[in-house]
Structures are given as C-alpha cells and as structure tokens.
Amino acid sequence: MICPSIWPTPPAYLGETAALTAAFIWSFTMCIYRFHGQDLSANAINLFKNVVAFACLIITITIISRPWPSEPHLVSLLMLSGVIGLVISDSCMFAALKRLGAQTTAAILCLAPPLAAVLAWFVHDEVLSRSTIIGMTITVLSVAGVILMSHSSHLEDGAHRKRGIMLALLAALAQAVGMVLAKGPFKELDPMTGEHKIDVFMGTLIRITPAVAVLLLINWHQRARANWSILLKPKKRLAYLLLASLFGSYIGLLLLTTGITFTSVGVATTLSATFPIWIIPISYFFLSEQPRLGQVICTLTAVAGVALLMT
C-alpha cells in the first residue's frame, strides 16, 4: 500500500487513477497470457505467476516489517481462500483463455461479483438491496448475451467451446468463493487499536503460500517438466510472462490498494472491474480477436451491472 504520509495532500483523483490503471494492466496481462501461454498447461502458467508474486511479497513484507497474524482461524480462512481463488479459479481461467479467447473469458468473469454477493448473503447475512439485485440481473443477462454472441471460428469444435465456457464459469464461481472467504479476515478489526488485524500484503502472502504448494504438487504429479522447458527456452516468452506476472499479480495489487486508500472502496473496485471493456480494443490489436457489436454492447452492460452491484 502507498502510505498516505507520502502525500500530505494527495493529487486529485489519485485513487481513481490507480484503480483504473490496475484495470488496464490486467487487460494487457490477460492478453499476454493468452498469446504466450497457448502451448503451456494452465497449471504451469498459474504456478509461475504465483511464484513471481510470492517472491515480490516476501521482499515487500521484509522491507516494511509486517507481523504474522496471531489468530489461527483467520489464517486458515485465508489459506483456504487462496487454494480456491488462486489455484482453482486462476487455473480454470487460464484454461478458458485457450478455448474462448480473452474477450469472452473476461466477460464471463464479470459473474464473480454477483456470485460473491449471493454467497455473502448466505454466509455473512449481508443485505441484498434493490440496486444489488438489479445489478446482478443485468450482469447475468449480459454475460449470457456475450456467450451467445461470441463467435467460435478459431475453436476446434462445439465441445471445445462448451468446455471453455464451463471452465470460465467455474473460474468465476471459485473466484467468488475465494473473495467471500477472504472478506472476513481482511475486514476484522483489532478492538484495542481499531486497525485491521491482517493487512493486504500479509493477507495476500498467506493466500499465495498454500496456492504455490498445491500447484507445485499438481505440476509434479503431472510431470510438467516439458511445460517448464517450453517456458524457459524462448527468452522473449519468458520475459513477457515474467512482466505479466509481476504487473498483474503484484503491481496491480499495489494499485488497487492505493485506489482503496485514496478513494472509496466501491469506486476503486468498480473502476478496477472495468478490465473486460479495455480488453476488447487491446485483444483486437494484439490478438486479432474480432468482437461483434452485440458482444461489445453486452460486455459494456455487464460491467455497468457490476458497477450498480457495488454501489
């Protein structure tokens, strides 16, 4: 997190700019993973991404001296959240990217916030307001429209596309479950100081650690040495994937945290959730993905639904 003391009077719209920049970064990194990870397994890419983020977090926490939380139940929830949100969700997302492309996959991931809202209603007894229900409905219908309108000329067959859609839906659901599990630990306050018991850096490290361990076991079980040799051989591909991992999993986190620090959580989260919009022109120029007008309109309305959901 960028400490507020760095700027006694922070620049205007610093939080909004940071959150929007995070959305741009995630759009670019998703396209990089799509282009350079096509012949790699989803679990190998996911492991590489999390190892890079893990190393960056270790360095950061060592420098800023964050303590390990003393509450085992909070640590357990965060670790479970990491396995579901970073192993299952991200691996399914990478697998869906190969089958559906960046635009459709990103649009389907818009379902994560409404799914999280429904789960939070069950788990945390959060109230579903009228605007939340309307936003959920708009998002779900819009994502359904994206799926129906997305063309499949670059796909092998209908079964290939259906598997990609199922993987993207599972990624959104797992992301939602991970968000709900992590919400309690991240929001819990110390009654003595009024500060959060777990800050974002330490909490993210706790989430990533079991994810890296599980992904190591999966890659070892799959004997994914061929994937690692493919990843390491072309230096250009390795450099791009390294940049995508660094910016997507670490710099993006810093920017989102800065956004939440200098503007409201709702505004920062909504702006960062606009990445499916920016991915349309980026994937068009860099991946030659041709969007249909209806698909673009549905993506815009899906993001609008997410924004309404978060207000």
Side-chain angles (χ1 to χ4, degrees), residues 26-50 84-116 139-178 215 218-219 222 224 227 230-231 241 244 248 273 275-284 286-303 305-306:
W26 290 331
S27 300
F28 274 104
T29 56
M30 203 165 183
C31 291
I32 290 173
Y33 288 130
R34 160 71 174 163
F35 185 81
H36 290 283
Q38 192 64 20
D39 53 349
L40 295 167
S41 77
N43 288 319
I45 303 174
N46 199 9
L47 175 59
F48 180 81
K49 171 184 75 73
N50 280 294
I84 295 174
L86 299 176
V87 177
I88 299 174
S89 177
D90 286 359
S91 289
C92 288
M93 180 198 72
F94 287 129
L97 268 176
K98 294 183 180 185
R99 296 164 171 84
L100 300 176
Q103 293 176 13
T104 305
T105 303
I108 293 176
L109 290 178
C110 286
L111 291 175
L115 287 171
T139 303
V140 171
L141 293 177
S142 300
V143 170
V146 170
I147 293 172
L148 291 173
M149 295 179 192
S150 61
H151 55 77
S152 57
S153 59
H154 64 290
L155 302 177
E156 294 175 5
D157 51 42
H160 192 70
R161 180 173 179 270
K162 288 178 182 177
R163 181 172 174 80
I165 292 171
M166 293 304 297
L167 285 165
L169 291 172
L170 181 57
L173 177 60
Q175 187 181 119
V177 174
L215 286 166
I218 292 173
N219 279 269
Q222 293 178 340
N227 282 291
I230 292 172
L231 188 152
L241 291 178
F275 78 94
I277 296 175
W278 312 121
I279 211 169
I280 293 173
I282 293 170
S283 63
Y284 172 78
F286 291 97
L287 300 176
S288 299
E289 291 189 3
Q290 303 285 339
R292 293 180 178 177
L293 178 60
Q295 186 179 355
V296 173
I297 293 172
C298 285
T299 300
L300 292 172
T301 55
V303 173
V306 172

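The structure displayed is predicted, hence computed values, not measured ones. Only heavy atoms go into these numbers, but all of them, side chains included; no hydrogens, no water, no symmetry mates.
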Separation of T29 OG1 from F275 CZ (nearest 0.5 Å): 9.0 Å
Test item: T301 side-chain N/O and C298 main-chain N/O as donor-acceptor pair under 3.5 Å: yes
Donor-acceptor under 3.5 Å (S89 side chain, A174 main chain): no
For the student: nearest non-hydrogen atoms of C110 and P113, plus distance: O-CD, 3.1 Å
Polar side-chain atom of Q290 near backbone of Y284 as donor-acceptor pair, under 3.5 Å: no
Flag, side chain of T299 to backbone of I277, donor-acceptor distance under 3.5 Å: no
Non-hydrogen atoms of I279 and C31 that approach each other most closely: CG1-SG, 3.8 Å
Closest heavy-atom pair and its distance - A106, P276: O-CG, 3.6 Å
Contact summary for K98 and R34, nearest pair of heavy atoms: O-NH1, 2.9 Å
S91 and L215: CA distance, side-chain angles, deciding distance, side-chain contact (heavy atoms from CB on, under 4.5 Å) verdict: CA-CA 9 Å; S91 289; L215 286 166; 4.0 Å; yes
Heavy-atom closest contact (A116 atom, A176 atom, distance): N-CB, 3.5 Å
F35/F286 aromatic ring centres below 6.0 Å: no
Gap between atom CD1 of I108 and atom CD of Q103 - 0.5 Å precision: 12.0 Å
Heavy-atom pair of closest approach, residues W278 and S27: CB-OG, 3.5 Å
Any donor-acceptor N/O pair, Q175 side chain to L109 backbone, under 3.5 Å: no
Option among I147, I165, V146 that satisfies the side chain to side chain contact (heavy atoms under 4.5 Å, CB included) test with L100: I165
Approximate separation, where rounding is to 0.5 Å, of I88 CD1 and N46 CG: 11.0 Å
Between CZ on residue F94 and CD on residue Q38, distance to nearest 0.5 Å: 12.5 Å
Value rounded to 0.5 Å, distance of CG in L170 from CZ in R163: 10.5 Å
Result of checking N219, N43, L241, L40 against F48 for side chain to side chain contact (heavy atoms under 4.5 Å, CB included): L241
Atom pair CD1/CD of I282 and E289 - distance to nearest 0.5 Å: 11.5 Å
